[in-house]
Amino acid sequence: MIPAPLHLAGERLLLDAAGLLAWPAMRTLVVADLHLEKGSAFAAGGRFLPPYDTRETLARLALALRRWRPARLVALGDSFHDRGAAARLPAAEAATLTRLLDGIETIWVLGNHDPLPPTGLPGTALEEWCAGPILFRHQARPGRIPPGEVSGHFHPKAAMPTRAGPITRPCFVADGQRVILPAFGAYTGGLAVEEPAIAGLFPRGGRAFLLGQERLFSRPLTARRMRPTSIR
Amino acid sequence: MGTLPEPFTAWFAARGWTPRPHQLALLGAAKAGQSALLLAPTGGGKTLAGFLPSLIDLAARPRDGLHTLYISPLKALAVDIARNLAAPVTEMALPIRIETRTGDTPANRRQRQKADPPHILLTTPESLILLLSQPEATDLFGGLGAIIIDEVHALAGTKRGDQLALGLARLGRLAPAARRIGLSATVAHAAALCAFLAPNAQAEAVRLIVAEGGAPPAVEVQLPAGRLPWGGHMGLASAPEIYRRITAAAVSIVFVNTRAQAELIFQALWKLNEANLPIGLHHGSLTVEQRRKVEAAMAEGRLRAVVATASLDLGIDWGAVDQVIQVGAPKGVARLLQRIGRANHRMEEPSLGVLVPANRFEVIECAAALRAIGRGELDGDPPRPGGLDVLAQHVLAMACHAPFHPDELYDEVRCSAPYAALTRQDFDDVLRFVEDGGYALRSYERFRKLFRDADGRLHVRDQRIARQLRMNLGTIVETPMLSVRLRGGPLLGEVEEWFVSTLRPGDAFIFAGQVLSFQAIDGMTALVTRGGEGQPRVPAYAGSRMPLTTWLAAQVREILHDPAQWRLLPASVREWLHLQQDRSLLPPPDGLLIETFPRGGRWFLVAYCFEGRLAHQTLGMLVTRRMARAGYGPLGFLATDYVLACWSAFEPREVGPLFAEDILGEDLEEWMAESSVLRRSFRNIATIAGLIEKHHPGLAKNGRQMTINADLIYDVLRRHEPDHILLRATRQEAAHGLVDVARIGMLLRRARGHIRHIALERVSPLAVPALIEEGREWVAGGAEDALLAEAEALVAEATDGAETFNDLLTELNEGVRPRTQPERSRPTGRQAGRFSRRLPRALATP
């Protein structure tokens, strides 16, 4: 797997095609929107999604941790699908998670799905985490931001036109100051990067990096909003 | 035979009618308490025949309560029939109340119908199941005397048909005395339809009544004036001849095969329409209001012609249609006859049909269809077994009605033909899926939807589950659509979301019979204005083309192979076939002809399979995978209804192994993992079975990002529980439908030991239509990542590397620099081919 370099606020970051961001200088790995126990949350509502999502997500996380060997893991919020999710983790999965995080400084940035710190798991819960020129938070905020901002929340996805029709994939969205990570969880759908909620954060344009098997595929974000202002 | 009682005799006499033999035969069956299937062409007084026994019974023995249930595949048909029945009922002053019950019925009327049901209720399969899922169903249906099912041929063999059959099985329990009457167009497999109707899935339990055929239809083939086109499916070259025929007749229906074709033919006709004849457009993506308007105008005789897709295959009889023009190949004989039957709904006069083939292969197909009509032969596949997803929905619906014992429900569903052969294992797995998802990892025990009491009966957990089910009832799963609205004007209809995603503001496309310019997306709506610059595109719809039937394909092969039959064909086609005979071989009626030849620096392999486009598409994916493994370097393929053409970097010398039967083993499994077609099947199955919901209580309608992505579930399930019931249902569906694996199996068996491989020096005459086919659908092995890389590289090439990936990454530090090139790689005409077509230049400028 070939990571792609990205310069943000003067720092060299790497985008991993598995959907994670690495900051080699800080030995830090960043992941967004794990949505653990989304399956069981849906099951409680009468929709029996296969109960393997947490297992699947953790297996992919384990691979990434083995590949990068970070000293620190930052989870950018919505790590758990709902307030009860951490408590609902099956014993085996809870043990796996604890084992994975052993010896790694873990920072649980809080998100809208998991506004409270997870109980019974290692790590520190924070509203935001700042390191050097970069601010890590769950949701990007429009307007003035610190020199660099790394966030999740939107589950961005983008379509690339090909001769066999458009292909849609989860993606990173980035410009020189801001990068939004794709969701890492097994059952996390996506929001198209053209939607105003995402496009509005990149008024000067930016790029989408679509996740592939081995590498990323990049395409420009539409520079201007698709929606002429007169409609509003 | 008998006669009608009063006041029916007088009423018939007053209109100058005499009861038709099939009407009396149905009456006889009813008197004997027997179920019956009536096969009759349109215009034979079929509907009245179905209702007569009920009207007579209710006139003789007036009583309260629901007497007759009528089920139609179309809401509009139910409403129309209620109106038509009102005439005899009021004129004879019969003490009969008739009402409809569909998704449009207001809540207060539903409540009233519960308390005080009409004598005759007209409804749809979905509304029937909804009624059956309610606790009151026992009382409502207990006294039922008759069940009439209209257009049975259009329901049996579909998922809606599966659902209806399960509903009938339940009605058989609630009202064992109720007779069933099926009304159907003429079909090849009447016994299967009888079994579908029967209370015990046995065809013998249903009396088959075949109405005397009217005059045989008069059908001819219309060729374009100029050269016969080699390729293309739209039939635009024949527009002047179509227009001339419309001018010569009073009222015509112009049937086409796809919605895109409807738009194009409609545009082409209006270009020629100097006389300003009122010509309308009708297809399934237009708004309901618009379709109703066109139908009403047609019924009132205000239109000279309507260009229509399958959206008009069923529906209200319009007495006054003079001719039916079928543009493009008919694809099936039974379907063609049903379409032609829409002209002239008077049985004594022949229906007039005109076939307008769009290319040379279609000319042969038309000749084969004509020959079949002349011989009175029909095609059509017998209904396939019922879907497990539909069964899952039904199990939950029945639990909402009342607690049940699994053994009883198993026996009940096997009374329906689609599920007669259902194994206990499949039933139990479906039941477990409904209870708690049915996963090997039993972690959802505490969220069960059903619980068992001490007697082993299953109860639904709470009313929320019932509400959830009722919100999601039905088996029609729509692809994601966006409405199309004129800015500051009316809704025009809907197009698939992905099509809009390929448009940029200002792009022109043809829809609802006009050239529109895309402006913006607002929520779930695409805003457009009239007019537009550049070449307009035409939205196409996934899976909207019917494949060639197996039977008609065999007829085409037979004609091709036997020069004695060529007298059926026009001279230009005969010359073409003679040329093929000289340069290569004619495809054999059995076995498989494969040609290979070099062209333009590539090698082509053309296989004359004749198994329909869907099967060829699947086969193309599998064969190109094998070619890759054999080192031929496949570059792409395309599938038509007749042939599969693959192209590769190196000469495929050994073609036998590429078409060996074991391709359906491991290769198929492997391909299933990433096939987008199967993913679509899975999405539909998961939605129908209730894993994914169309609507969820408390969620806003526009909650698209809230919905769960079926692809992700498919991947996880395949990895962790490959034998889960929903994956089994997906594989079962792959045998037919969009993947058509069953037909590939048939072809490969036929070809075994009978493959004729001929290596040519250049393209053969028969291969030309395939190679100039517009819809180049490709991709070796279907690898999406390769496509993405290619698309990315294309942009880089088009922008002289200014857009290359790595450059940009470093640039990001300084912000994004202004671009001089288009921002997205725009699909060119060829690239866009699979899903949309460029309009011929002649039509592009308004």
Side-chain angles (χ1 to χ4, degrees), chain A residues 4-8 10 38-40 42-53 55-56 90 155 159-169 174-177 186-192 194-195 204-207 210 212-223 226-228 231, chain B residues 433 436-437 439 441 443-444 447 449 464-465 468 498 501-502 505 519-522 527 691-693 696 705 707-709 712-713 716-717 719-721 724 777-779 784-785 787-792 795 803 805 808-810 812-816 819 823-827 830-831 833-835:
Chain A
L6 174 78
H7 291 263
L8 194 78
K38 181 170 181 173
S40 58
F42 270 66
R47 290 174 279 184
F48 297 127
L49 303 185
Y52 306 106
D53 56 320
R55 202 187 275 191
E56 176 92 9
H155 304 196
M160 181 114 103
T162 74
R163 61 194 158 114
I167 292 176
T168 305
R169 290 284 173 86
D175 63 11
Q177 288 174 290
Y187 290 162
T188 45
L191 183 67
E194 287 80 11
E195 293 282 337
R204 290 192 301 147
R207 288 193 82 80
L210 283 68
Q213 306 279 334
E214 296 293 328
R215 51 165 286 208
L216 296 156
F217 301 94
S218 117
R219 64 152 249 219
L221 216 60
T222 328
M226 299 239 303
R227 190 181 300 216
I231 300 178
Chain B
F433 167 76
D436 66 358
Y439 301 104
L441 190 69
S443 53
Y444 292 161
F447 305 124
K449 280 186 193 171
R464 203 172 51 112
I465 301 291
Q468 220 169 303
W498 68 260
S501 76
T502 65
Q519 297 297 317
I521 293 175
D522 185 15
L527 291 170
L691 190 69
I692 309 169
E693 287 171 311
H696 191 66
Q705 22 325 3
T707 59
I708 182 101
N709 185 335
L712 301 173
I713 302 175
V716 168
L717 203 51
R719 268 197 294 276
H720 294 273
E721 213 167 306
H724 189 263
E777 19 210 319
W778 112 290
V779 179
E784 281 195 352
D785 272 41
L787 280 172
L788 284 171
E790 185 186 274
E792 192 188 55
V795 180
E803 291 258 317
F805 182 52
L808 203 115
L809 283 164
T810 43
L812 274 174
N813 215 10
E814 287 82 42
V816 180
R819 279 178 284 276
E823 308 197 318
R824 271 198 274 165
S825 80
R826 262 173 86 64
R830 187 178 63 81
Q831 289 162 4
R834 175 164 169 197
F835 297 117

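All heavy atoms count here, side chains included; hydrogens, waters and symmetry mates do not. Just so we're on the same page: letters track the sequence lines, and every chain starts at 1.
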Using a cut-off of under 4.5 Å for heavy-atom pairs, which of [options] has the most such pairs with chain B?
options: A/P90, A/A186, A/A44, A/A192; result: A/A44
options: A/G39, A/A43, A/G212; result: A/A43
options: A/L49, A/T188, A/L210; result: A/L49

- Describe, in one word, how the ring planes of A/Y52 and B/Y439 are oriented to each other, choosing from parallel (under 30°), tilted (30 to 60°) and perpendicular (over 60°). perpendicular

- Any residue meeting salt bridge (charged side-chain N to carboxylate O under 4.0 Å, His left out) with A/E56, in chain and number order, not counting sequence neighbours: B/R719

- Task: Return yes if some donor-acceptor pair links the side-chain N/O of A/R219 with the main-chain N/O of A/A159 below 3.5 Å, else return no.
- Result: yes

- Most contact-rich option vs chain A, by heavy-atom pairs under 4.5 angstrom, among B/L717, B/I465, B/L712, is B/L712

- Note on the structure: Hits for side-chain contact (heavy atoms from CB on, under 4.5 Å) against A/S40, two or more places apart or cross-chain, chain-then-number order -> A/E37, A/R88, B/Y444, B/F447

